[in-house]
Each structure stands twice: as C-alpha cells, then as structure tokens.
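Just so it is clear, the values below take in all heavy atoms, side chains as well, and ignore hydrogens, waters and symmetry mates. All residue numbers in this chain count up from 1 along the given sequence.
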Amino acid sequence: MNYVRISVKAPAKINLTLDVLAKRPDGYHEVEMVMTTVDLADRVDMTLREDGEITLDCSASFVPDDIRNHAYKAATLMKEKFQVRQGVHLYIDKQIPVAAGLAGGSSDAAATLRGLNQLWNLGLTRDELAKIGAEIGSDVPFCVYGGTALATGRGEQIAHLGAPAPCWVILAKPPIGVSTPDVYGNLRVAQIDNHPDTKQMLQAIATQDFSLMCQSLGNVLENVTLSLHPQVRQIKDLMVASGADGVLMSGSGPTVFALVQKEAKVHRIYNALRGFVKDVFVVRMLGAKEGEILA
C-alpha cells in the first residue's frame, strides 16, 4: 500500500521501577526498569517529500527543528541507513511536556521510525526498528514497542510483560526542566541503599495485583532530583496527603505520578494539584501494545 501521509501516535511512558546497578565502561549506567505507556500522547504527522529533504515543524515553538530533535534524528538515520531517495516533512503535535521524565522525545523518535517504515515501504520488523532506535536514545527501543516491559542494559534490552492492573494515572509536572545527564551525574551508585524490588513488581504485573504494584514502586533517581528541585518533593507529598494509592517520580523527573483505582479520589487529587501546578493530566494506563498508525 502506498502512503503519502501518515499520522502516528507517540504515547508517554512512566517508570514503575527504575534501578541503577552500575556505571558502565561506555559511560552509560546499567539499569533495570519496569516501564509502561500511558494515554497521554504526541502525534507525529509525516508527509512524503519527493525532493529528498527532511523538514520538521512542531506545535511547541521551543522544540528544536533540526538534528537536536530525536524525531529529526530518526528520519535522518533511516534515510542514510537505507539510502532512501525520498524525504519527509514531520509535524509534531506536542502534548507530552518537554524534559519531563516521560520520554516524549524518545516516543516521537519511535513513532517516526514506525511511520517511515510504512511511508518509505521499508518492510522492517518491530525488532529491527527497535535496534535502530537504540542508536538514537536509550528509551527509544521501549517506545518502539510500547505496552509494558522490563528494560535492562542501558535501557535498550526489552522483555515484554503483560498489562498491569488497570487504574487511573495522575501526572503533575512542575514548571522546570530536568537534565537526565545532570541527574545521573549526581547519582552515586555505591551509595544507593534502597533499591526497588523489581521481582516483586514483575509479580504484581503478572498477577494484576494493584496493591502490590503500588507497594513495589521505586526509583533510585528520585532522591537526586528531590534534592535538586524541592518543588518535586512538594508535589509528591501533596499526592500522598490527598490519598493516592501509589506515588513515584517518573524517569529523571520532574514529573510525579499518582496511581489511583477509585474515580472519586482522582478528582480530589487533581483539584489539589491544580492549585499548585499548571501541568496536571489525568489518564489511563495503556498497559498493552496497541496499533498506533492513525491514518
């Protein structure tokens, strides 16, 4: 089937666990993370260009439109790797906050890889796309697949999991950006004294045990970001005080999420947060992989 224009959904992810095991010789960290996608998503529109050019526009004016952009980088890599004659115009409808710990840029890159695979008729498998994604960023392979997974290595080794227990997810991002390299740079792996129980989280997901999932939440980067940005701690404390079932910072932050099963609690937590920060989202966990080519 020949496409001229494709739209692809690019969902945000949250970390149910994030553990750092060691500093690697290549400068990256050896990690163990359980991640899942949530129903907050950018949309990447791709229009075929016959002149071979790659161009990019974004609904958020401060997002770079060149090789610094993960989606642009993904298109450039695919074009060079497979010697594609055609080009593409990318338009990103940005709904996921930037520099938020939600893998917005990585998800845009993954959506671009999936979309160009169809737009340029490359016939690549999802596994092949994920391997290419690892050249762009550590979260891109997970975002290529979506759903729920255990990510190891530097984040690029993906083991697929079933969907967690369904629940509401309330995301709150303070008006700051956090640099992932800065957070990792301030982390002292040898001094981590409270590692997440990844095995227990895997059990909670396998049995769809919501209570055990909330008990098993953990992120070793949280203390680093909380010490650098007191607003993140205030959001976390407010969510706990408002009755959230489970609360954790996602990725390197600064976004904090609350897991809630009862809808009445959702409204209470949302209203408490809206008086404190502007960026508050109430979404569902996606949990399972979904078809994301929209048109």
Report task. Might you work through the side-chain hydrogen bond (donor to acceptor under 3.5 Å, both in side chains) test for Asp193 and Gln191, ending with a clear yes or no? Result -> CA-CA 6 Å; Asp193 55 6; Gln191 293 171 16; over 6 Å; no
Report task. Quick one: do His89 and Thr47 satisfy side-chain hydrogen bond (donor to acceptor under 3.5 Å, both in side chains)? Show the steps, please. Result -> CA-CA 5 Å; His89 176 71; Thr47 307; over 6 Å; no
Query raised in the report: How far apart are the C-alpha atoms of Thr152 and Glu32, what are their side-chain angles, what is the distance that settles it, and do they pass the side-chain hydrogen bond (donor to acceptor under 3.5 Å, both in side chains) test?
Result: CA-CA 5 Å; Thr152 54; Glu32 192 173 68; over 6 Å; no
Report task. Could you give me the CA-CA distance, side-chain angles and deciding distance for Met35 and Asp139, then say whether side chain to side chain contact (heavy atoms under 4.5 Å, CB included) is met? Result -> CA-CA 10 Å; Met35 299 192 281; Asp139 282 339; 4.1 Å; yes
Query raised in the report: Going through the checks in order, is the side chain to side chain contact (heavy atoms under 4.5 Å, CB included) test met by Leu48 and Val88?
Result: CA-CA 5 Å; Leu48 199 63; Val88 65; 5.9 Å; no
Requested in this report: Carefully, step by step, assess Ser227 and Arg233 under the rule side chain to side chain contact (heavy atoms under 4.5 Å, CB included).
Outcome: CA-CA 8 Å; Ser227 66; Arg233 186 182 297 278; 5.9 Å; no
Query raised in the report: Can you list the steps and then say if Ile92 with Leu56 is a side chain to side chain contact (heavy atoms under 4.5 Å, CB included)?
Result: CA-CA 8 Å; Ile92 302 173; Leu56 184 147; 4.0 Å; yes
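Applying the salt bridge (charged side-chain N to carboxylate O under 4.0 Å, His left out) rule to Arg268 yields no partners; only residues at least two apart in sequence or on another chain are considered. Applying the side chain to side chain contact (heavy atoms under 4.5 Å, CB included) criterion to Glu156, with sequence neighbours excluded, gives Ala134, Pro141, Arg154. Asp237 meets the salt bridge (charged side-chain N to carboxylate O under 4.0 Å, His left out) test with no other residue; sequence neighbours excluded. Not counting sequence neighbours, the partners of Glu80 by the side chain to side chain contact (heavy atoms under 4.5 Å, CB included) test are Thr76. Residues passing the side chain to side chain contact (heavy atoms under 4.5 Å, CB included) test with Lys81 are Leu77, Ile132, Glu135, sequence neighbours excluded. With sequence neighbours excluded, no residue forms a side chain to side chain contact (heavy atoms under 4.5 Å, CB included) with Asn194. Shown here are the salt bridge (charged side-chain N to carboxylate O under 4.0 Å, His left out) partners of Asp245, two or more places apart in sequence or in another chain: Lys265. In terms of the salt bridge (charged side-chain N to carboxylate O under 4.0 Å, His left out) criterion, Lys73 has no residue partners (sequence neighbours excluded).
One distance of note links OG of Ser252 with CG of Leu221; it measures 6.5 Å at 0.5 Å rounding. Distance check: Lys236 NZ to Thr225 OG1 gives 11.0 Å after rounding to the nearest 0.5 Å. Taking CH2 of Trp168 as the start and CD of Gln261 as the end, the distance is 12.0 Å to the nearest 0.5 Å. Distance check: Ile136 CD1 to Tyr72 OH gives 13.5 Å after rounding to the nearest 0.5 Å. Rounding to the nearest 0.5 angstrom, the gap separating the CD1 atom in Ile54 from the CE atom in Met78 is 10.5 Å. Distance check: Ile170 CD1 to Arg274 CZ gives 13.0 Å after rounding to the nearest 0.5 Å.
Nearest approach of Ile269 to Gly243, heavy atoms of both residues: CD1-C, 4.2 Å. Taking every heavy atom of both residues into account, Asp42 and Gly104 meet most closely at OD2-O, 4.0 Å. The shortest heavy-atom contact between Gln231 and Ile176 is NE2-CG2, 3.6 Å. Heavy atoms only, all atoms of each residue included: Thr255 and Ala100 are closest at OG1-O, 2.8 Å. Contact between Ile192 and Val20 at its shortest, heavy atoms only, is CD1-O, 3.9 Å. Of all heavy-atom pairs between Ala74 and Leu113, the closest is CB-CD2, 3.9 Å.
Asn121 contributes no side-chain N or O that, together with a main-chain N or O of Asn117, makes up a donor-acceptor pair within less than 3.5 Å. A distance-only check finds a donor-acceptor pair linking the side chain of Ser250 to the backbone of Gly101 [under 3.5 Å]. Using modelled atom types, one side-chain atom of Asn271 and one backbone atom of His267 make a donor-acceptor pair closer than 3.5 Å. One N or O on the side chain of Gln208 and one on the backbone of Ala163 form a donor-acceptor pair closer than 3.5 Å. Proximity of a side-chain donor or acceptor of Arg126 to a complementary backbone N or O of Val144 within less than 3.5 Å is detected.
Two residues are said to be in side-chain contact when any heavy atoms from C-beta on lie closer than 4.5 Å; Val8 and Ile6 meet this criterion. Counting heavy atoms from C-beta outward, Leu90 and Thr112 have side chains that approach closer than 4.5 Å. In this structure, Pro164 and Thr148 have side chains that are in contact, with non-hydrogen atoms separated by less than 4.5 Å. Counting heavy atoms from C-beta outward, Met46 and Val44 have side chains that approach closer than 4.5 Å. Side chains of Pro97 and Lys173 form a contact here, defined as non-hydrogen atoms less than 4.5 Å apart.
Using a 4.0 Å cut-off between charged nitrogen and carboxylate oxygen, Lys199 and Asp197 do not count as a salt-bridge pair. A salt bridge links Asp39 with Lys9: the distance from a Lys NZ or Arg NE/NH1/NH2 to an Asp or Glu carboxylate oxygen falls below 4.0 Å. Salt bridge annotation for Glu50-Arg85: present, with a cationic side-chain nitrogen under 4.0 angstrom from a carboxylate oxygen.
Contacts classified as side chain to side chain donor-acceptor pair (under 3.5 Å) and involving residues 96-111 (residues at least two apart or in different chains) are given here: Lys94-Asp108. Residue pairs satisfying the ring pair (Phe, Tyr, Trp, His ring centres under 6.0 Å) criterion with at least one member in residues 29-59, sequence neighbours excluded, are listed as follows: His29-Tyr184.
Cluster note: Leu16 groups with Ile14, Val34, Val38, Leu40, Ile96, Leu102, Leu150, Leu161, Val169, Leu171, Met201, Leu202, Ile205, Phe210, Met213, Leu217, Leu248, Phe257, Leu259, Phe281, Val283, Met285 through ILVMFWY side-chain heavy atoms spaced under 4.5 Å, whether in direct contact or through intervening members. Residue Phe62 belongs to a hydrophobic cluster whose other members are Val63, Val98, with links defined by side-chain heavy atoms closer than 4.5 Å.
Tracing side-chain contacts under 4.5 Å through hydrophobic residues (I, L, V, M, F, W, Y), one never reaches Leu119 starting from Tyr91; they form parts of separate clusters. Note on Val183 and Leu21: separate hydrophobic clusters, where clusters join Ile, Leu, Val, Met, Phe, Trp and Tyr whose side-chain heavy atoms are under 4.5 Å apart, directly or indirectly. No chain of hydrophobic side-chain contacts below 4.5 Å, direct or via other Ile, Leu, Val, Met, Phe, Trp or Tyr residues, connects Leu212 to Met33.
Atom OH of Tyr28 is surrounded by 12 or fewer heavy atoms from other residues, nucleotides or ligands within 6.0 Å.
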